Amino acid sequence: MTTTDTRPGLVGALRSSGSWIARYAFLAAFAALFVFFSVQATSFLSGSNLLNALQGSMILLLIALALTLVISSGGIDLSAGTALDFGAWFAIAAMATYGLPWPLAVLCALAGGALVGSVNAFLIVTLGVTPFLATLGTFFIGRSLQQIGTGGGANINYRDAPEGFRALTSGSTLFIPNEVLLVGIVLVVFYLYLQRSKHGVRIEAMGLQDSAARTAGLRTRRYRAGIYIAAGVTCAVAGILLSSGLRIYTPMAGFSYLLDGIAAVFIGASMHPRARPNVLGTLAGVLFLSMLNNGLDLLGLDFNAKAALRGLVLLVALTLAFLIAKQARRTTAVRAAAIG
Amino acid sequence: MSTDTTTRPSAGPFATESTGARVLRFAIRRGPLILFAAVCVYLALASPFFLTQANILSSLEQTAPIAVVAFGLAIVVIGGGDDVVSGGIDLSLPASAALATVILSDQLTNRGAGLPQAFLLALLAALVVGLVNAVLVTVVGLSAILATLATYVAVVGVTRVVSENRRIDVTDPAILYIRDEELLGLPVAVWIMLLVFAVVAFLVHRTRYGMNLQATGGNLDAARSAGIRTTRIVASTFVLASVAAAVAGVLLVARGSGSSPGIDERLLVDMMLATFIGAAFSPRNVVNVLGAMLGATFVALLSNGLVLTRVNNSWIDGWKGVLILIVVAAAALQHRERK
Amino acid sequence: MTVDEAPPGTPVLEMAGISKTFPGVKALDDAGLTVRPGEVHGLVGENGAGKSTIIKVLAGIYAPDSGTMRVDGEELAHVTPAAVRSRGIRFVHQELQLVPTFSVTESVFMGAELVGPLGVRRREMRTRAERILEEVLGTAIDGRRLIRDLGPAERKLVQIARALVQEGPRLVVFDEPTAPLAAAEGERVLSAIRRLRDQGIASLYVSHYLGEITEICDRATVFRNGTDVSVVDPIVESSGRELIRRMIGRDVDQLFPERKNRADRRDEGDGENGQDRDARGDGIALSARGLGDGATFADVSIDVARGEIVGLTGLLGSGTAEVVDTVVGLRRHRTGSIRIAGRDSGIASPADALEAGLVLIPRDRRHDGLVLEQSVETNLNLSTLGRASRLGLLSSKLLASRSDGLIQKLDIRPADRTATTRLLSGGNQQKVVLGRALAADAGILVLDDPTVGVDIGAKQEIYRLVAGLADEGAAVLIASNDPLEVLGLCDRIVVMVRGRVVLDVPASDLTQEELISHMTGSAAGDPTADARTAAPASAPASADTAIADRADGSAS
Amino acid sequence: MIRKHRFAFTGAILAAGLALTACSASSGQTAGLGEGGGDQPLAGKTIGVAVVGTQHFWDREAFNGAVERIEELGGTVLTTDGGRDNTVHAQNHEVFLSQQVDAVITILGDDAVEPKLAELKDAGIPVFGVDRDSPSAVNNSQSDNEAAGEAIGNILGEAIEGTGNVAVFNAFGESLEFCGVRYDSWREALETNFPDVTILQPELAEEFANSPEDARQQTLSLLERYPVGELAAIHVACWDQPAIGVVQALEEAGRTEVKVTAIDAGPDTLEIMMEEGSPFVGNVAQQPRKIATVAADNVAAYLSGEEIERQSYTEVFPVAGPEQAREVYEQLGYDKE
């Protein structure tokens with residue numbers, strides 16, 4: 001009667017085949033675009049260009065990872081850019097204004113991100129404000145604080161940044177650029193935490209059905225607070241990279257990463273069998289967006305046309321990938337429903 | 001045990017409520033609105049200009065385009081539910097509105113069209129965007145946030161191509177009429193906002209379609225089992241919202257006397273703020289049309305009042321954020337209270 | 001009666017030869033179902049017998065592979081939800097399909113609003129909604145109240161009102177309408193169905209409560225293995241046993257398991273009250289003293305010893321649910337203390353409870369018990385993910401072996417740990433919740449209405465499991481408003497009436513009638529008993545009947 | 001009890017919020033009062049100052065310069081910030097109308113503000129532009145943009161010895177009039193004096209937000225398309241923020257043979273120019289603070305009945321190479337910050 005062990009799960013097998021088609025559909029769009037750029041723009045395939053594009057996507061990747069964490073838990077963080085700004089600000093200000101050594105400056109930056117995250121955590125967990133509004137409020141306040149702190153929004157220039165701080169983005173270790181290595185480590189940590197450890201399952205449970213997660217004995221409030229703080233810190237790392245690469249702090253720069261970050265997370269979620277945010281999907285989303293930007297830059301188009309193409313290609317790629325994936329999912333879903 | 005509670009069999013053994021507690025409960029239930037009023041009173045005390053008719057009218061005029069796109073967003077959120085990940089949202093509305101301003105300005109100034117024709121073209125463009133969103137969400141199955149984010153990027157790009165990133169001045173008399181004139185003591189732009197409000201509020205709160213819309217957003221399964229064609233409803237929200245975006249385009253052209261590049265981002269933030277803070281003003285704590293209007297007005301009055309009380313420019317955003325959070329926190333506490 | 005067109009005697013619904021195959025599963029095999037005009041027709045069967053599939057075919061959700069469907073003698077060519085609705089067939093689904101932020105009026109008219117030239121006719125809708133609720137369903141609810149502020153019975157009545165509000169209802173399909181309700185509350189629903197019959201509207205009544213079937217149904221169709229095995233006609237009070245036999249193809253000898261040590265314990269506990277036992281202190285795993293939350297209950301003291309099953313019972317609103325929530329940390333108490341194994345528990349959340357070795361099986365499993373979109377495996381391990389991890393990472397091997405073990409032990413079907421939990425039947429979902437609790441190896445189990453919406457077979461298994469756990473030394477606290485369940489399973493019974501404990505005695509000291517009279521506050525010697533308190537929310541007499549009948553149905 | 005606690009909490013936040021608002025408001029007021037005396041021609045006057053945005057150095061300096069000067073002259077300011085949205089900036093002028101201020105200084109912005117400026121003029125409120133040449137304005141105070149464009153064109157031409165490909169960031173030339181002037185005269189200078197220079201098409205676009213990083217990424221791609229020898233210089237046509245990222249990208253890629261020029265010469269870009277061997281070789285320093293100060297002085301003069309010219313030009317300082325960068329840096333007083 002119970003064929004528990006012998007049958008690996010018909011539903012699961014069908015389901016995962018659906019997810020593979022979903023995944024392939026998007027990857028196929030990815031590959032097609034890659035080939036197109038390779039043919040159309042001669043320098044696209046050069047090693048240095050691909051490395052540039054990769055390095056250029058690291059900040060977005062960090063933001064997107066932070067958002068993956070938050071969106072997994074059923075929330076959103078519109079203040080991700082603010083946390084990035086605070087990271088960049090605190091790092092540069094610590095060195096340029098207060099003359100602290102760079103490792104301390106890095107700590108200050110992380111504290112800055114944690115500060116933004118803590119405010120969100122307080123608003124969301126303690127006061128019960130919806131994440132959307134709480135983080136929007138934090139975004140406004142953070143923007144204002146930057147204006148106040150920089151006399152209306154002045155850059156803080158620090159061309160003489162110590163070698164160690166600059167090396168975060170300019171040096172390399174074992175032939176791997178340091179920023180790629182650093183973000184790679186963050187990526188692996190996120191992957192292990194969200195995809196391979198109990199915490200990821202718990203966070204997803206919270207995101208799907210908070211009351212059930214709570215009843216099952218998960219400390220959802222503690223998790224939720226931790227998630228927003230961790231997201232803030234991750235964004236602050238992005239801020240450190242930004243300020244290390246430019247040796248300057250430009251106030252209110254972070255917002256420009258927010259929409260791309262959200263897009264990357266949801267592109268990634270679309271490749272998941274249950275449409276949940278996931279780390280590898282987010283990585284694919286970030287790489288896709290970066291490749292799109294880089295390729296369009298290299299095509300040498302008029303900048304207005306480039307802006308339009310960027311959105312249109314994104315739309316078409318998503319639509320095609322989804323139509324195929326949906327077809328696959330529909331067949332599996334019907335079967336699954338029947339078996340249940 | 002005393003016998004006095006036996007008269008109320010459904011209540012617990014201690015369920016007695018003093019007048020004080022009742023007042024307190026009322027205060028908490030109406031907390032956001034009371035706070036709104038308190039802020040206005042404070043601003044009025046701090047600046048005698050705040051409550052002048054001219055100032056209030058100009059604040060309302062400033063509110064108009066934001067409120068109109070917020071009505072559009074409210075429709076989408078009401079029909080799709082307010083869940084962040086899977087709920088309804090339309091981030092492309094500001095982009096559609098910006099595209100509408102460019103088409104309107106181009107038609108009026110460069111092609112010599114009249115306002116009706118220009119508006120029809122702008123509306124057509126916005127409708128195309130709305131339909132694309134509708135198809136992406138209901139047919140293709142993208143989440144609303146991803147679909148409309150993608151169309152946002154695409155439409156901003158298309159707008160740049162169409163406008164060549166140039167400003168276009170408009171001196172069309174109809175637009176100037178909307179910009180400058182008053183009718184029965186209210187600016188024409190405000191009348192348009194009120195008209196759209198009336199239409200949308202009627203549609204959402206007084207028609208069968210509106211009830212179905214609310215049901216769909218409130219509980220998709222329930223709506224479906226009640227025989228509501230939920231897919232159609234969800235699709236329709238994006239189309240309706242795009243109409244609002246086109247109307248907002250007219251108001252934006254009037255406000256800017258033409259189209260200027262780069263107006264979408266700020267509109268995006270203001271729109272979301274107005275719509276979602278609006279939920280705080282409703283007793284049911286859900287996004288609604290009147291709330292969107294109050295939210296937009298609140299944000300505009302706040303910005304205006306802070307300027308008038310001569311708060312340093314750098315502080316204005318911060319105060320806006322703090323005050324908004326206070327209102328929203330009050331709503332959150334009130335909601336928790338009910339549980 | 002409003003059978004106008006069809007000749008007399010024509011069934012209002014006639015489904016014949018319905019087959020429906022899903023890949024790998026034959027859900028319906030030449031099944032049939034006939035409902036006569038104006039009758040209350042029962043539909044019974046074990047989970048997986050095909051009841052819900054045929055209901056979905058009837059609703060137009062599934063297209064059958066073959067078969068015909070006639071309404072009032074007329075064959076429906078295309079069975080779509082709209083077509084079915086227009087023929088006067090209405091559904092009251094098991095899940096409370098309501099919008100929490102809607103008012104009663106809006107909910108009743110959802111999808112069928114009255115519209116005039118000035119838009120929705122709110123006042124008229126409200127009047128009609130309140131009238132239907134009052135006149136047809138016998139309950140007065142303000143049309144402006146919001147669904148989220150209503151109790152479960154009121155919500156169910158609103159759902160029924162919704163089925164009736166459109167013109168020409170011919171047949172109302174009730175799918176487990178009383179499942180989330182306490183006995184007295186359930187009676188409100190049953191009497192509403194009787195009122196429908198009086199008005200000539202037929203009902204198809206799907207329920208696991210055979211007591212209800214025998215009470216209100218005229219006839220009943222029994223489903224087994226995807227087809228209708230028999231029609232019991234007429235249903236009489238004693239038909240319950242017959243129905244069970246046909247449902248499962250054999251007699252159910254014993255619903256409740258034999259408790260090994262029950263007799264001894266009874267002797268031991270006899271004559272003692274909680275205070276004495278606490279003073280002695282041995283074996284008391286969970287002890288609440290003078291618990292109160294300042295609103296819904298006060299001065300509640302309960303002790304649960306290791307190896308003991310304590311039943312906490314009372315009518316809806318008596319405070320049992322709140323006490324359970326408080327014990328597991330979902331609610332705060334303002335007075336009293338909770339001690340676990342003699343020490344102050346300091347439980348402020350279910351997470352604390354879990355750490356203290358106490359797990360909750362919640363009453364609303366679809367909402368609070370399970371993450372429906374996650375797999376069975378995830379849900380089984382959700383409380384104990386740490387134990388399925390190696391070096392901080394989840395081990396898929398451990399996860400699989402742990403969940404497969406539980407699936408086997410609990411006989412969860414389908415035996416597929418990767419299945420999405422939403423797709424499981426109610427009984428199997430409840431087993432998953434139980435499995436999660438088992439996985440935690442907790443010494444104390446708190447179950448809140450564990451067998452709601454669960455068929456007899458699954459019920460039997462759940463009882464056996466719980467008893468087994470107690471025999472192995474677990475302390476079990478069950479909150480339930482099913483007197484038979486409490487009497488049959490528990491060692492001690494604690495009865496609450498309106499927020500206070502009125503009785504705490506060994507189960508053997510009570511008969512069913514005594515227990516019910518204590519629950520309804522009509523027993524002599526009850527400190528709160530007087531003529532008025534005996535009628536909480538509905539008539540005491542009918543409450544008694546309902547409970548008794550319910551008990552009757554599931555008894556062996 | 002919990003209820004009361006919550007309400008008290010809300011109340012406390014509200015009280016704190018209002019108190020703080022009062023503080024930040026009154027601090028603004030005290031700044032406006034100051035010493036009352038004879039050399040305060042704006043005493044008792046309220047002057048509106050509207051700026052389209054303050055993210056950029058130039059805008060901010062001009063805004064602060066105007067506000068500070070007015071306060072020095074004893075006036076009270078009422079300020080608005082359009083947050084880089086020209087239509088909001090235009091609408092912001094309504095406040096000045098409803099408040100009936102004594103004069104308005106309007107900083108930057110595109111033609112969207114014109115109707116509002118006309119309304120102000122009709123209402124008898126004099127308008128003074130800062131980089132806003134409006135027919136409704138009494139006066140426009142600005143740099144000589146033509147001179148600035150021409151100067152930077154010549155610096156660039158000489159730096160690349162009159163030959164090679166030049167890429168240019170020019171997203172605002174179409175939308176902002178003064179940017180267009182700068183770009184046109186730069187181009188004309190190059191085409192006339194250095195006929196062997198090719199301006200690469202298409203031109204590049206810069207973003208307002210996060211502009212250094214955006215320019216850095218675009219430059220890296222640009223360098224891929226134009227390997228060593230195919231690119232001589234990169235010019236930022238209207239301002240200097242993207243140049244920070246451009247220089248960073250060149251240094252990263254080891255392509256410092258590519259020269260960089262820009263306009264505005266804020267302290268941050270001058271500092272970069274001052275570095276030995278910097279590819280950043282040309283800039284044009286404006287004096288935004290001074291430009292705005294001139295505007296404020298014009299307001300004072302006008303209100304005391306003086307005649308004011310239509311245009312006030314403030315000198316620009318072409319900066320070529322590290323030495324000049326250092327000189328200008330000191331001259332403009334940036335080293336004292």
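Since the structure is predicted, the reported quantities are computational estimates derived from the model, not experimental observations. Naming: A, B, ... by sequence-line order, numbering from 1 per chain.
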Within the structure provided, determine whether B:Leu273 and A:Phe140 are in side-chain contact (heavy-atom separation under 4.5 Å).
yes

Pick from A:Leu136, A:Leu312, A:Leu123, A:Leu133 with the largest number of heavy-atom pairs that fall under 4.5 Å of chain B
A:Leu133

Would you name the heavy atoms of A:Leu127 and B:Ala329 that are closest together and state the gap between them?
CD1-CB, 3.8 Å

Looking at A:Gly137, A:Ala134, A:Ser144, which one has more heavy-atom pairs under 4.5 Å with chain B than the rest?
A:Ser144

Intermediate values then yes/no, side chain to side chain contact (heavy atoms under 4.5 Å, CB included), B:Tyr152 and A:Leu259:
CA-CA 10 Å; B:Tyr152 173 79; A:Leu259 294 184; 3.5 Å; yes

Might you work through the side chain to side chain contact (heavy atoms under 4.5 Å, CB included) test for B:Val269 and A:Leu78, ending with a clear yes or no?
CA-CA 10 Å; B:Val269 174; A:Leu78 300 180; over 6 Å; no

Looking at every non-hydrogen atom in both residues, tell me the closest pair between A:Ile267 and B:Leu146 and how far apart they are.
N-CD2, 3.9 Å

When rounded to the nearest 0.5 angstrom, what is the spacing between CH2 in B:Trp315 and CG in A:Leu145?
8.0 Å

Once you round to the nearest 0.5 Å, how far does CD1 of B:Ile145 lie from CD1 of A:Ile71?
6.5 Å

Which atoms of A:Phe255 approach chain B - backbone, side chain, both or neither, heavy atom under 4.5 Å
side chain

Using the rule given for side chain to side chain contact (heavy atoms under 4.5 Å, CB included), can you reason through B:Val162 versus A:Asn304, listing the C-alpha separation, both sets of side-chain angles and the distance that settles it, and then say yes or no?
CA-CA 9 Å; B:Val162 174; A:Asn304 291 326; over 6 Å; no

Nearest heavy atoms of A:Leu315 and B:Ala150, plus distance in Å
CD2-CB, 3.7 Å

Step by step, would you call A:Phe132 with B:Ile89 a side chain to side chain contact (heavy atoms under 4.5 Å, CB included)?
CA-CA 12 Å; A:Phe132 211 97; B:Ile89 195 157; 3.6 Å; yes

So how far is it from A:Arg143 CZ to B:Ile316 CD1, rounded to the nearest 0.5 Å?
11.5 Å

With a 4.5 angstrom heavy-atom cut-off, could you sort out which part of B:Leu136 is near chain A: side chain, backbone, both or neither?
side chain

Non-hydrogen atoms of chain B under 4.5 Å away: do they reach the side chain of A:Leu309, the backbone, both or neither?
neither

For chain A, the option from B:Leu149, B:Val153, B:Val135 that forms the most heavy-atom pairs under 4.5 Å
B:Leu149

Among B:Val161, B:Leu142, B:Leu91, B:Val158, which residue forms the greatest number of heavy-atom pairs with chain A at distances under 4.5 Å?
B:Leu142

When heavy-atom pairs shorter than 4.5 Å are enumerated against chain B, which of A:Thr319, A:Leu314, A:Ile148 gives the highest number?
A:Ile148

